[in-house]
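Just below is one structure, and these are the notes that go with it.
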Amino acid sequence: MAAPVNIIVGSHVWVEDPTLAWIDGEVFKISGEEVHVQTTNGKTAVANISKVFPKDTEAPPGGVDDMTKLSYLHEPGVLHNLAMRYELNEIYTYTGNILIAINPFQRLPHLYDTHMMEQYKGAAFGELNPHVFAVADVAYRAMMNEGKSNSILVSGESGAGKTETTKMLMRYLAYLGGRSGVEGRTVEQQVLESNPVLEAFGNAKTVRNNNSSRFGKFVELQFDKSGRISGAAVRTYLLERSRVCQISNPERNYHCFYLLCAAPPEVKEKFKLGDPKSFHYLNQSDCYALDGVDDAQEYIATIRAMDVVGISEEEQEAIFGVVAAILHLGNVDFAKGSEVDSSVIKDEKSRFHLNMTAELLKCDVKSLEDALVKRVMVTPEEIIKRPLDPVAAVGSRDALAKTIYSRLFDWLVDKINSSIGQDPNSKQLIGVLDIYGFESFKFNSFEQFCINFTNEKLQQHFNQHVFKMEQEEYTKEEINWSYIEFVDNQDVLDLIEKKPGGIIALLDEACMFPKSTHETFAQKLFQTFKNNKRFIKPKLSRTSFTISHYAGEVTYLADLFLDKNKDYVVAEHQDLLTASTCSFVASLFPPPAEESSKSSKFSSIGSRFKLQLQSLMDTLNSTEPHYIRCVKPNNVLKPAIFENANIIQQLRCGGVLEAIRISCAGYPTRRTFSEFLNRFGVLAPEILEGNNDDKVACQMILDKMGLKGYQFHSQGQGILACKLYEQLRREAAALKIQKNFRRHTARESYLTVRSSTITLQTGLRAMAARNEFRFRKQTKAAIIIQATLRCHASYSYYKSLQKAAITTQCGWRRRVARRELRKLKMAARETGALKEAKDKLEKRVEELTWRLQLEKRLRTDLEEEKAQEIAKLQESLQAMQSQVEEANARVKKEQEAARKAIEEAPPIIKETPVIVQDTEKVNSLTAEVESLKASLQSERKATEEARNACTDAEARNAELVKKLEDSERRVDHLQESVQRLEEKLSNSQSEIQVLRQQSLAISPTGKSLTARQRTMIFPRTPENGNVTNGETKVLSDMTLAISNIREPESEEKPQKCLNEKQQENQDILIKCISQNLGFSGSKPIAACVIYKCLLHWRSFEVEKTTVFDRIIQTIASSIEVQDNNDVLAYWLSNSSTLLMLLQRTLKASGAASWTPQRRRTSSASLFGRMSQGLRSSPQSAGLSFLNGRGLSRLDDLRQVEAKYPALLFKQQLTAFLEKIYGMIRDNLKKEISPLIGLCIQAPRTSRASMVKGRSHANAVVQKALIAHWQSIVKSLNRYLNIMKANHVPPFLARKVFTQIFSFINVQLFNSLLLRRECCSFSNGEYVKAGLAELEQWCNEATEEYAGLAWDELKHIRQAIGFLVIHQKPKKTLNEITKELCPVLSIQQLYRISTMYWDDKYGTHSVSSDVIANMRVMMTEDTNNAVSSSFLLDDDSSIPFTVDDISKSLQQIDIADIDPPALIRENSGFGFLLPRSE
């Protein structure tokens, strides 16, 4: 990665920064070897020119998915590319074949769902976006194609996401392997279920991670020859045994110790455990608990995981007993004994812990004490027991604890492997290695030494593999690579592991001498390696040493190296635990082989570590490796934080930069011929004008520029490897500057002309405005007149619109009513709900009936009261009139008497008294008359009031009568509803009965439909004819009355089989329909013939028949050839027509038993009961078909009570209809699927299309571009013509094409989101042109057949519309989500926006503010548990029901169907011949 020498003033470069690692800026001064840079944060930096790297100003804003595509392959370029991709949530990036995975610290479920697995299955490496699935798929394909085992090495520091990556790898490999494990659990699930157990006993808190794996795990997934998973195994390596006895602050020991101390009280009492602070092996650090982790809950979870793995309760108790024994063993302290160099148990506390250890291990206490404080020496003459001093006794104690824990961990791994199950016959496997990465802390001890030694080994393997791949690539391309220098790290490995004289050998040698100390060991290292360039002696420490690893220098403290390396294999320990009475403990220490018992007792952890590491390397060397480097972006473990310095260190430790250095040593810049010409064709436009080959054109441009040091790919793939790339970039940039300057000059001239034009236009527009004003003034009056006329027209339009609205509302209400009817039909399938509805309706009817009767009674009472009141009033009126007449008569009599008295009066002398007397009488009579008049007036007034009251009563009565009529109408409506619901309930109950009687195992596909058992014969009951007990006699009388016509069979006997004549007719029918009968007009002949025959033979009403099975078998045999679309379309038309006829004809038997009592009375008469009996009894068929002329019109559709075979036939026919529909749809999908894959990305055009003025060439290219789309259109037309020719109902054709367009939408849209090269401007134009072809097809096919298929493409249409719009940075988020792409989710918009690149005009995607707002919205959706998947799912369900088909098809007149010749010639089918009325 040496810096180029062509840094000049004005160059954009990267310079080192202490905070950001690297920062970009612009060079403003160069002084010799020093470069002065103005950085983007406003500061000035001065650096040596060798440490300054050029910046690619033309890099895409979203970065590149493979860093070998970077123009400048150096450390800052790699870091910047990763940062840009991480900002867009693109956590995976390739570096060649190496995958870099940055931990997002948040869930991204859309990246790992099943649909994503389907996309990567079988895809070429690099074709789709970088993903862990792609690495797993490459490993699997290589294993299957080459027959060689593969391995995937997952590395990284603690918290980088290694374990999660391993889980995803195993998920995908299990998806490819596709075999379930024991008890329904897949092998991958069983491996993952073992993780909690291994983490409890193999993970611990370190400085950087609270759950760091302190062992390496190699998961082997074993496959058989067919690629199916046949077994699995978990191999563990390099367990950090020294952690059991020694930990540093603030780390923790293994989790299991703390979990056991947090166990329930009864467990702690049993093992005599307490607070972790009371145990020596735990209190060496101040950290006892983890934030956010409840050890008590983790203990329960570990117990549950042990149950899942298959560890019994007795074994669990023994395991935790051993763990508790190790804790107690650590608290056993020693003091000096009475003898020289001897030791004894220190105090009673230590004695207690010793006794507990012996009790838990079930061994002898005295033997345990002797094994700790004494050592047996075997000489040829005798066996000598030598005492140990307290220091040696502590070492013996710790060695025993480490040995017990190591054996316990190995037993757990073996138990897990036996639970999962292995395949000893498997010859190929895929291994996934999850091992700790390079570690460099402030204080590094023996553990970091071993870990870094492991990573040096893995790095050597990694470098060799990368270098080998680079060599193979250059060899394949026939490129000279002999000058590439490969730097190996073998010298570091020799420094560590070489025998004799390596650090591990010197450490083992020091451990064998009792007097050795860490100081003497350090001095030995200084003397031995003083001339080694990889070994450095620190200046300020006597016991520290520094090793220069591939990832940097690491200083180790040698203080505890000797103690942590000692791993005594003490014979006393072995004998003690082998003799344990606990079978579990004894199984951990089987008796050693005789040879091993005679060998040396000393061994070290370093030596064992080296042997295990060599075993791991042998396994890896036998497989084809693949690499995944996990990176932790920050130390706070939070999303969206990218710490440059931290990541660059991890890239160095992970060997990524070393791989880049190897690539840089060769040809780091690679371009295809088309990309090279597109970028640098501007340097030689005359070459583009010629008809040269792309490779020749590239050669001519390079020769013209005088460049050397490049190589051409010779295999025809068009890869150009060129080292001198910057000079070409500078030349092309200069031409761009000149072009832009000339454009600026031309624009200035244009603006001057434009200003003058605007001045002239202003004057002309003023004149035009004045003329316009005069014109408007003249026409103002006309406008007033027009306003009145338009008002009238608008009012007329409003009235017509009102009428249309009312019509529309009526149609809408009818649609709502139909929808309600469908809901009622669906509700009718629930028997309990219908019964409840029936009860409610009956109660409602009773209530309304009661109210009706009450109102009738009230009306009667009111009429009676009114009549009585009128009678009384009339009587009083007559009495008054008689009184008035009497009074008038008396008055007249009085007047007559007075007159006579006057006439007969004596002379004048008596005149005065008489007059006075008469006057008084007259006055009294006058007063009486007045009183009678007043009385008469009062009576008239009372009569008037009575009349008014009568009028009011009559009005109220009329109102009550009206209400009564409304109530009666409502009652009738409710009763009709009740009747309909009861009929639906009866149909549902009958179908439920059918389903209960028929086995659910019968499949609606293939021949298995017809292979069912014959239907059982149901005993005939009196209810078959609606005959009640009280009507038996009447019906028997009617039977006798018609016995001269036909003698009916007995109701109790089963129905007899068809006679020979009927069997012969069935054979003729089956033979006939097995042929293609064609169509009569648009009506399928076969369906109509089948229906008319079944209806005539009364097959729907019998309880046992074979004709239905034979028809179904005939259909099944006809559609066996699934790719014959003509036959499928023919039977789709026939089955849909026949199903529609059955749907409108059949009704389930027993419906009459649910009819309300009020409706049943209509047939209570003798004739009604007789007709019911005749209709429901198949035995009386002769009554209706006397001499074949019983029915006036056989062809009229009529309701028939269907029995069980008929209902089952209807269900089977429905299943076949759905199957045939699905076969036609799937055949079309299979035909267009390969074409869809070619339609998502525009094919590479020739250079002729880049040259302006070549219209003919462009036309040819455009025609070739849409060839794939036209192939899809041809397929659609072919299927449409087939369906039209076979008269498939347009309803079904619409459903087929709607689902096909939905399939096209899903495939195109998902491919667009998964492939960045598809999200370009030119590709959007290509797909848009193809979509126009589909739109034109929809228009030509008409809405009758295409329906709403065009609307199904809404996702891809809006996505393509977004790609081809201009000025994307000016669009706001609201405009994008509301106007441009309202259908797309925010996740989909975010992905398209970040993946977009303009290969035609060089424009940018949406603004950074819009991207930031999208990211915020996605975060909110994630917090609200909203699905973050951006891919669409294909719907392959059946999108219609039988009711939908019945409603969509028009009534078919089957009377005029001309039967085929085979049937016409047979006399038994005379009923099919057309006849006049």
Side-chain angles (χ1 to χ4, degrees), residues 94-99 101 125 132-156 162-163 165-177 187-188 191 215-238 413 417 420 422-437 454-473 488 493 610-630 654-655 659:
Y94 292 135
T95 299
N97 290 340
I98 308 165
L99 179 67
F125 188 81
V132 66
F133 291 162
V135 178
D137 192 79
V138 167
Y140 182 81
R141 302 299 165 194
M143 179 192 70
M144 294 303 299
N145 296 334
E146 302 173 8
K148 183 180 179 181
S149 296
N150 283 251
S151 60
I152 303 174
L153 282 66
V154 183
S155 63
K162 299 188 298 296
T163 302
T165 301
T166 303
K167 291 179 183 178
M168 297 305 168
L169 287 170
M170 288 190 291
R171 272 190 61 202
Y172 185 78
L173 292 174
Y175 169 77
L176 294 178
V187 173
E188 168 255 348
V191 173
F215 66 98
K217 181 171 65 176
F218 189 70
V219 181
E220 296 179 357
L221 294 178
Q222 300 162 346
F223 296 83
D224 57 19
K225 294 181 179 180
S226 61
R228 299 292 181 183
I229 294 179
S230 57
V234 179
R235 316 289 184 199
T236 57
Y237 298 92
L238 318 173
V413 174
N417 286 333
I420 296 173
Q422 303 181 51
D423 181 11
N425 300 322
S426 176
K427 300 299 183 182
Q428 48 192 15
L429 59 87
I430 295 180
V432 182
L433 178 64
D434 176 8
I435 198 165
Y436 30 57
T454 303
N455 281 274
E456 284 286 356
K457 274 280 190 182
L458 294 175
Q459 184 62 30
Q460 184 188 44
H461 181 268
F462 174 74
N463 287 348
Q464 291 174 350
H465 177 68
V466 172
F467 187 66
K468 181 181 177 182
M469 288 192 302
E470 198 77 11
Q471 287 180 346
E472 291 176 352
E473 177 73 14
D488 199 358
L493 296 176
K610 188 169 69 172
L611 292 175
Q612 283 188 326
L613 181 58
Q614 188 58 45
S615 173
L616 174 61
M617 297 309 301
D618 292 341
T619 302
L620 295 179
N621 289 330
S622 65
T623 63
E624 183 68 24
H626 307 270
Y627 296 94
I628 299 178
R629 294 299 191 240
C630 297

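Keep in mind that what you see is a predicted model, and the values were worked out from it rather than measured.
- When atom types are taken as modelled, the side chain of Y140 and the backbone of G227 share a donor-acceptor pair closer than 3.5 angstrom.
- Of all heavy-atom pairs spanning V135 and H626, the tightest one is CG1-CB, 3.9 Å.
- Applying the ring pair (Phe, Tyr, Trp, His ring centres under 6.0 Å) test to F215 and every residue at least two apart in sequence or in another chain returns F409.
- For residues 424-434, the set of pairs meeting the salt bridge (Lys or Arg N to Asp or Glu O under 4.0 Å) definition, not counting sequence neighbours, is empty.
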Worked check of side chain to side chain contact (heavy atoms under 4.5 Å, CB included) between K217 and V432: CA-CA 8 Å; K217 181 171 65 176; V432 182; over 6 Å; no

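- Within the 4.5 Å cutoff, no side-chain heavy atoms of L169 are placed close to those of V219.
- The two residues V154 and C630 have their closest heavy-atom pair at CG1-SG, 3.7 Å.
- Residues satisfying the ring pair (Phe, Tyr, Trp, His ring centres under 6.0 Å) criterion with Y627, sequence neighbours excluded, are F462, H465.
- Interatomic distance, NE2 of H461 versus CG of L620, reported as 5.5 Å (0.5 Å rounding).
- Rounded to the nearest 0.5 Å, atoms CG (L613) and CD (E456) are 11.0 Å apart.
- K225 NZ: 12 or fewer foreign heavy atoms inside a 6.0 Å radius.
- Between N97 and V138 the shortest side-chain heavy-atom distance does not fall below 4.5 Å.
- Between the side chain of S149 and the backbone N or O of L429, at least one donor-acceptor pair lies under 3.5 Å.
- Between the Q222 side chain and the D423 main chain, a donor and an acceptor come within less than 3.5 Å of each other.
- Checked against a 6.0 Å centroid threshold, the rings of F133 and Y175 do not count as neighbours.
- Distance check: L176 CG to M144 CE gives 10.0 Å after rounding to the nearest 0.5 Å.
- Residues K167 and T163 form a side-chain contact, since some pair of their non-hydrogen atoms from C-beta on lies under 4.5 Å apart.
- Among residues two or more places apart in sequence or in another chain, the ring pair (Phe, Tyr, Trp, His ring centres under 6.0 Å) test is passed with F218 by none.
- Listed by chain and residue number, A233, V234, R235, V413, Q422 satisfy the side-chain contact (heavy atoms from CB on, under 4.5 Å) test with N417 (two or more places apart in sequence, or in another chain).
- Nearest approach of A232 to L221, heavy atoms of both residues: CB-CD2, 3.9 Å.
- Checked by atom type and distance alone, the side chain of T619 pairs as donor or acceptor with a backbone atom of S615 at under 3.5 Å.
- Rounding to the nearest 0.5 angstrom, the gap separating the CD1 atom in I152 from the CG atom in L173 is 5.5 Å.
- Listed for the Q428 side chain is a donor-acceptor partner under 3.5 Å among the backbone atoms of D224.
- Considering all non-hydrogen atoms of both residues, A134 and Y94 come closest at CB-OH, 3.1 Å.
- Distance alone, capped at 3.5 Å, places no donor-acceptor pair between the S155 side chain and the R629 backbone.
- Residues meeting the side chain to side chain donor-acceptor pair (under 3.5 Å) test with N145, sequence neighbours left out: none.
- From E624, atom CD reaches atom NZ of K148 across 5.0 Å, with rounding to the nearest 0.5 Å.
- Here the CG-CD1 distance, from L99 to I628, works out to 5.0 Å after rounding to the nearest 0.5 Å.
- Taking both residues in full, the closest heavy atoms of A174 and I229 are given as CA-CD1, 3.5 Å, listed atom of the first, atom of the second, then distance.
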